[in-house]
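Positions are given from 1 along the sequence. Basis for what follows: all heavy atoms, side chains included, without hydrogens, waters or symmetry-related copies.
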Amino acid sequence: MSEGKPPLFVQQRTYRRRRMADAARMLPVLGGILFMIPLLWVDAASMSTATVMVYLFVVWAALAAIAGLLSRRLGPEEDQPGDEDAG
């Protein structure tokens, strides 16, 4: 009866890898939102250019670090016996 259907749940390793890939896909969206925040600052006239540039540099460095960590976690997968992808 259920011979042709794939299992409902996937292995925990596969699930975590897919969620990491989802996070990597959302990183550019997060970066775009964070880069637009200085445009929303109400008191922009009193903000110095240096303050805005420091903010942008910190956001850029944080995004680069997060991307590095995600790419390390999403590195090449070692094939192990019994790790067939369920779906």
Side-chain angles (χ1 to χ4, degrees):
M1 184 157 133
S2 64
E3 295 173 15
K5 294 182 181 179
L8 182 59
F9 298 105
V10 295
Q11 293 179 354
Q12 186 175 8
R13 182 176 176 179
T14 303
Y15 177 79
R16 287 186 181 180
R17 186 168 176 82
R18 288 180 181 175
R19 296 300 74 84
M20 285 288 179
D22 291 342
R25 288 184 194 107
M26 289 302 296
L27 198 58
V29 174
L30 175 66
I33 292 169
L34 290 176
F35 280 149
M36 287 185 207
I37 286 178
L39 298 173
L40 301 175
W41 287 341
V42 175
D43 210 11
S46 66
M47 298 293 290
S48 68
T49 304
T51 304
V52 174
M53 293 306 291
V54 167
Y55 168 80
L56 291 176
F57 178 75
V58 168
V59 168
W60 172 80
L63 289 171
I66 293 169
L69 292 173
L70 285 174
S71 69
R72 184 174 292 241
R73 300 269 301 196
L74 286 173
E77 197 173 324
E78 304 90 27
D79 289 333
Q80 295 178 356
D83 276 351
E84 291 89 22
D85 194 7

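- Annotation for Y15: atom OH does not count as buried by contact number, only 12 or fewer foreign heavy atoms lying within 6.0 Å.
- One hydrophobic cluster, built from ILVMFWY side chains closer than 4.5 Å, holds both F57 and V59.
- Note on V54 and L63: separate hydrophobic clusters, where clusters join Ile, Leu, Val, Met, Phe, Trp and Tyr whose side-chain heavy atoms are under 4.5 Å apart, directly or indirectly.
- By the criterion of side-chain heavy atoms lying less than 4.5 angstrom apart, applied directly or through intervening Ile, Leu, Val, Met, Phe, Trp or Tyr residues, L69 is not grouped with L30; the two fall into different hydrophobic clusters.
- Shown here are the ring-ring contact (aromatic ring centres under 6.0 Å, His included) partners of Y55, two or more places apart in sequence or in another chain: W41.
- Hydrophobic clustering of Ile, Leu, Val, Met, Phe, Trp and Tyr side chains at less than 4.5 Å, counting indirect connections, keeps L56 apart from V58.
- A continuous path of hydrophobic side-chain contacts links M26 to I33 [ILVMFWY only; heavy atoms under 4.5 Å].
- Under the side-chain hydrogen bond (donor to acceptor under 3.5 Å, both in side chains) criterion, R72 pairs with no residue at all, not counting sequence neighbours.
- Contact detail for L74 and A24: the closest heavy-atom pair is CD1-CB, 4.2 Å.
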